[in-house]
Protein chains: 2
Amino acid sequence: MTLTVLLADDHAMLRSGMRAIFDTQPDLECVAEVADGRAAVAEVARLRPDVAVLDIRMPKLDGLAATEMILADPANRTKVLLLTTYDTDEYVYRALNAGASGFLLKSLPPEELISALRVAARGDALIDPSVTQRLIARFAVSLAPPPTPPELDLLTVREREVLQLVAAAYSNAEIAAQLHVGDETVKTHVSRVLAKLGLRDRVHAVAYAHINGLVQTRPPGVR
Amino acid sequence: MTLTVLLADDHAMLRSGMRAIFDTQPDLECVAEVADGRAAVAEVARLRPDVAVLDIRMPKLDGLAATEMILADPANRTKVLLLTTYDTDEYVYRALNAGASGFLLKSLPPEELISALRVAARGDALIDPSVTQRLIARFAVSLAPPPTPPELDLLTVREREVLQLVAAAYSNAEIAAQLHVGDETVKTHVSRVLAKLGLRDRVHAVAYAHINGLVQTRPPGVR
DNA sequence: TCGGAGGTCCCCCGCGCGGGGGACCCGGTT
DNA sequence: AACCGGGTCCCCCGCGCGGGGGACCTCCGA
């Protein structure tokens, strides 16, 4: 099974260089070379190659926009590998959001480019190691639970419980019903919570709870 | 400059296999082999190798916990590569959060393991392609802005403006001051917002706004 | 020209809320 | 035995809030 590849880069030199690399592999066939993003989108739609290797910087339509267009069309099964000289973070995030299968730097050794192609073709993804480092850092912070403010320790278990319910926008009466206690009791708890946290009213408590991640506004683990 | 490596896996067979691979590389030196996580942590602290290759499944202390302990100690400059047979998502997230430089499957070809070692040693990071795919998907959703509920279109510009301020826990009077209008006007806007969005009171509005991402609870772009 | 949408301001009324008190009970510490 | 932190319940009081009306203006499109 031979892999068909489309090459998009505005430098003819680089295209021929990469083509030369591909030609060393019997199972890789470069079915098209284009010099700008618009042509890339058009040729992908026409030829449906297995993988499209796009430079990020291209005339008419840059690689990112082209990626978005290609992957937005469900008729395309083409995987997209993005190639760039500069590994600006912004590019990476946009590329990944667009659904690119890879983000590689042009400094990549030829043989690794080949293996990247095969990886992409079989549906996996890969990111240039130098980029992965920062990506992980970014991902880690986005996964990290928001730091729990120390004043939360002042609250008793019951008070935290009440705070959760306040944050969920329940009224005192509703909270009382859920906790099977009188509403006067809830008022006491709420008052204590506000006093301990230095909050003016329950409205501030709701904002406080959301900002400090006391309520899951997202599927657990994502963030 | 030779790279020193620590090998941690509870299977002697696998250790000797990997050691054999390393021996083919003149600049790689395997300075220690251990069979459990506790020993790995201890030896890393003692020998300070450039890279530690840890299996996830190990007796006494698993690879993830060992990674966390190793990287928690700032005196350690050792990079950690995690190796596993199974690419369970949970493992990956924990590994990345702990700060591992790599997450690889044991199915990785030997020569790629070697190159992974060098990548880790120079401070970059890499993730097994089959895992990267899912990681990207996950990262993309965590970057994606929360879907804007359609009923928000019912609001006028001014009403959305007021909603933002309500969500920030401002009182009607405070909002009036900020917008340089009378507080009766603010009341009107708030009432309309509640009616249009089907919310009971401003407390619900605050929760609604936070859940739907109308207020930035995180540095922009992260999420 | 007339209407409607959006923005601004006004009145009245009821109620939930939050602060200020106080009270009781229980479990653990001193 | 005395004490205290937590949890529960109760009173009164003031106020911000939200609903229900209505009014006026401007801009824009029918």
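Throughout, a chain's letter reflects where its sequence line sits, starting with A, and its residues are numbered from 1.
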Using a strict heavy-atom distance below 4.0 Å, which residues from residues 198-208 of chain A are in contact with DNA chain C? A:Asp201, A:Arg202

Mind running side chain to side chain contact (heavy atoms under 4.5 Å, CB included) on B:Arg202 and B:Asn172 for me, showing each step along the way? CA-CA 10 Å; B:Arg202 69 197 299 108; B:Asn172 286 342; 2.9 Å; yes

Give a yes or no on whether A:Arg48 atom CZ has more than 12 heavy-atom contacts from other residues, nucleotides or ligands under 6.0 Å away. yes

B:Leu64 side chain reached by B:Ile56 side chain, heavy atoms, under 4.5 Å: yes

Would one find more than 12 heavy atoms of other residues, nucleotides or ligands at under 6.0 Å from atom OH of B:Tyr208? yes

Atom-pair distance (CG on B:Leu163; P on C:dG7), nearest Å: 14 Å

Please tabulate, for side-chain N and O atoms in residues 154-167 of chain A, each donor-acceptor pair with protein atoms closer than 3.5 Å (sequence neighbours left out).
residue, atom, partner, partner atom, Å
A:Thr156, OG1, A:Glu159, N, 3.2
A:Thr156, OG1, A:Glu159, OE1, 3.4
A:Arg158, NH1, A:Glu161, OE1, 3.2
A:Arg158, NH1, A:Glu161, OE2, 3.4
A:Glu159, OE1, A:Thr156, N, 2.8
A:Glu159, OE1, A:Lys196, NZ, 2.9
A:Glu159, OE2, A:Lys196, NZ, 3.4
A:Arg160, NH1, A:Leu152, O, 2.9
A:Arg160, NH1, A:Leu155, O, 3.2

Closest non-hydrogen atom pair between A:Ala8 and A:Ala40, with its separation: CB-CB, 3.9 Å

Expected list for residues 179-190 of chain B near DNA chain C, using heavy atoms below 4.0 Å, is B:Val181, B:Gly182, B:Glu184, B:Thr185, B:Thr188, B:His189

Cut-off 3.5 Å, no hydrogens considered: what does the side-chain donor-acceptor table look like for residues 99-108 of chain B, sequence neighbours left out?
residue, atom, partner, partner atom, Å
B:Lys106, NZ, B:Asp9, OD2, 3.2
B:Lys106, NZ, B:Asp55, OD1, 3.3
B:Lys106, NZ, B:Asp55, OD2, 3.2

Would you say CZ of B:Arg77 has more than 12 non-hydrogen atoms from neighbouring residues, nucleotides or ligands within 6.0 angstrom? no

With A:Leu61 via side chain to side chain contact (heavy atoms under 4.5 Å, CB included) - residues at least two apart: A:Arg38, A:Val41, A:Ala65, A:Ala66, A:Met69

Using a 4.0 Å cut-off to any heavy atom of chain A, which nucleotides of DNA chain D are the first and last in contact, reading 5' to 3'? D:dG6 to D:dC11

Using side-chain heavy atoms (C-beta onward) and a distance below 4.5 Å, is B:Met18 in contact with B:Val5? no

